[in-house]
Number of protein chains: 2
Amino acid sequence: MHVNEVYWSDSEQKIARQAFKIAFDREIEALIQEIRYRVGALSNLDELWQLHNFLSARRHEIDGKYDDDPSAMTFVFSTLVKQGWLDLDELTGLERTKLAKISALSRM
Amino acid sequence: MHVNEVYWSDSEQKIARQAFKIAFDREIEALIQEIRYRVGALSNLDELWQLHNFLSARRHEIDGKYDDDPSAMTFVFSTLVKQGWLDLDELTGLERTKLAKISALSRM
């Protein structure tokens with residue numbers, strides 16, 4: 001399967017930007033909810049440092065994941081679909097080959 | 001002023017351990033309250049990462065501050081008094097010279 005991963009047309013770029021924002025907003029909202037829940041339940045220093053470790057890991061992951069370099073985007077979208085932050089339907093309008101690759105990668 | 005900072009009698013060690021615990025418990029309780037307040041008020045990712053930065057700094061400071069090496073303890077207690085986590089009265093029973101040094105350092 002050949003996929004031109006570097007070339008994204010204007011309309012594809014627009015779809016990609018929107019999808020990025022949708023997934024990002026969902027993930028951040030869920031993270032803030034998770035932090036609120038954990039903070040509500042914590043009662044000692046060990047749990048506070050566990051919260052800090054958790055935030056460090058999530059920050060590292062999120063900082064690295066939302067890479068909008070065109071050559072990385074099929075992989076990024078497949079990760080977002082796999083993790084449940086994005087539905088394949090929300091990428092409708094991308095080239096069929098890109099969608100097929102994102103779908104295949106998301107199931108690996 | 002000569003202070004024998006290395007020698008702590010059994011009764012002084014007991015007072016020191018209790019004072020350490022009092023200050024530590026107060027500081028951690030205040031920190032957890034502060035985290036709860038900040039988490040309650042946060043609404044976006046920048047604020048979440050600011051919370052993470054704050055926790056990183058506080059963890060680093062707390063990990064370094066509660067040093068129970070005898071040679072460090074007058075300095076540690078002076079810091080705790082200066083920061084308001086401990087009252088000089090709670091060190092009653094230590095040698096007069098140690099108390100004088102802790103008091104003097106806490107006002108610097």
Side-chain angles (χ1 to χ4, degrees), chain A residues 16-69 72-73 75-87 90, chain B residues 16-69 72-73 75-87 90:
Chain A
R17 275 196 302 274
Q18 286 173 340
F20 248 53
K21 182 166 171 21
I22 288 169
F24 185 78
D25 287 349
R26 276 183 194 142
E27 183 162 10
I28 300 316
E29 177 60 26
L31 177 57
I32 289 176
Q33 295 293 339
E34 170 83 12
I35 297 298
R36 288 216 170 97
Y37 172 78
R38 286 178 176 239
V39 166
L42 74 81
S43 62
N44 62 50
L45 192 64
D46 282 348
E47 290 169 356
L48 185 59
W49 293 165
Q50 283 168 23
L51 175 77
H52 178 249
N53 292 343
F54 173 76
L55 262 179
S56 300
R58 299 294 284 115
R59 186 176 192 171
H60 182 74
E61 193 221 336
I62 289 172
D63 279 350
K65 189 163 64 180
Y66 287 88
D67 181 357
D68 63 357
D69 186 90
M73 281 175 65
F75 183 73
V76 174
F77 281 133
S78 72
T79 302
L80 294 173
V81 170
K82 185 176 191 167
Q83 294 181 340
W85 302 119
L86 198 64
D87 195 280
E90 291 165 318
Chain B
R17 276 196 300 275
Q18 286 173 338
F20 249 54
K21 183 166 170 22
I22 288 170
F24 185 79
D25 288 350
R26 277 183 193 141
E27 182 161 11
I28 300 315
E29 177 61 27
L31 176 58
I32 289 177
Q33 295 294 338
E34 169 83 11
I35 297 297
R36 287 215 170 97
Y37 172 76
R38 286 179 176 238
V39 166
L42 74 81
S43 63
N44 61 50
L45 193 64
D46 281 348
E47 289 169 357
L48 185 60
W49 292 166
Q50 282 168 23
L51 175 77
H52 178 250
N53 292 343
F54 173 77
L55 262 180
S56 299
R58 299 294 283 116
R59 186 176 191 171
H60 181 74
E61 192 221 337
I62 289 171
D63 279 351
K65 189 163 64 182
Y66 287 88
D67 181 357
D68 64 356
D69 185 90
M73 281 175 64
F75 184 73
V76 174
F77 281 133
S78 72
T79 302
L80 294 173
V81 171
K82 185 176 191 166
Q83 294 182 340
W85 302 119
L86 198 64
D87 195 281
E90 292 165 318

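Here is how names work: the chains are called A, B, and so on, in the same order as the sequence lines, proteins then strands, and each is numbered from 1. These values consider heavy atoms only, across backbone and side chains, with no hydrogens, waters or symmetry-generated copies.
Applying the side chain to side chain contact (heavy atoms under 4.5 Å, CB included) criterion to B:N44, with sequence neighbours excluded, gives B:D46, B:E47. Among residues two or more places apart in sequence or in another chain, the ring pair (Phe, Tyr, Trp, His ring centres under 6.0 Å) test is passed with A:F20 by A:Y66, A:F77.
By the 4.5 Å heavy-atom criterion applied to side chains, B:N53 and A:R59 are counted as neighbours.
A distance of 7.5 Å separates CG of A:L48 from CD1 of B:I28, quoted to the nearest 0.5 Å. Atom-to-atom distance recorded for B:F54:CZ and A:H52:NE2 is 11.0 Å, nearest 0.5 angstrom. Here the CG-CG distance, from A:L45 to B:D63, works out to 8.0 Å after rounding to the nearest 0.5 Å. Of the inter-residue distances, the one linking A:L51 atom CG with B:L51 atom CG reads 7.0 Å to the nearest 0.5 angstrom.
Both the backbone and the side chain of B:L55 come within less than 4.5 Å of a heavy atom of chain A. In this structure, the portions of B:S56 lying under 4.5 Å from any heavy atom of chain A include both its backbone and its side chain.
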